[in-house]
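Below is one structure, written out as structure tokens, with a few remarks after it.
Because only heavy atoms are used, hydrogens play no part in the values below, and waters and symmetry mates are left out as well, while side chains stay in.
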Amino acid sequence: AGDVIWLRGPSGSGKSMSCLHIAGLTELPGAVVDAQWDKTVPKRERLGFLFQQGVLIDSLSLAENIALAISSAGRERCQHEIRESLQAVGLNAASDGSKMP
């Protein structure tokens, strides 16, 4: 459920700072976030982001990295959620889930 947004740009263009601002973790002078959150979703589950580099554990497969993130969020690991997460970024669980980062 929800939307997936991909920020792309050269190093230093402000992608990380934009994510941190949207998440409410830092302030960007003059920037305003106008988001309408589903109030039935707990605040800690309304927004998440994953950096392309530096946060995947290279000794775990892509599916194992997703499973770790799910369990770290206090949720039960679910193959369906892992499959959906891979599909959300254009990957296939059967052919890509066992790949290493």
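- Within the 3.5 Å criterion, the main-chain N or O of L60 finds a donor-acceptor partner in the side chain of N65.
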Below 3.5 Å, can you tabulate the donor-acceptor pairs from side chains in residues 20-35 to any protein atom, sequence neighbours excluded?
| residue | atom | partner | partner atom | Å |
| --- | --- | --- | --- | --- |
| H21 | ND1 | T26 | O | 3.3 |
| H21 | ND1 | L28 | N | 3.2 |

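- Checked against side chain to side chain donor-acceptor pair (under 3.5 Å), E81 has the following partners two or more places apart in sequence or in another chain: R75.
- Partners of A67 by side chain to side chain contact (heavy atoms under 4.5 Å, CB included), not counting sequence neighbours, listed by chain and number: R77, I82.
- Expressed to the nearest 0.5 Å, how far CD1 of I66 lies from CD of E84 amounts to 11.0 Å.
- For S13, the side chain to side chain contact (heavy atoms under 4.5 Å, CB included) partners two or more places apart in sequence, or in a different chain, are P10, K15.
- Taking T40 as the reference, D38 meet the side chain to side chain donor-acceptor pair (under 3.5 Å) condition, with sequence neighbours excluded.
- Across all their heavy atoms, L7 and S18 have their closest contact at CD1-CB, 4.3 Å.
- E64 approaches S59 most closely through the heavy-atom pair OE1-O, 4.5 Å.
- The shortest non-hydrogen separation linking N92 to S95 is OD1-N, 3.1 Å.
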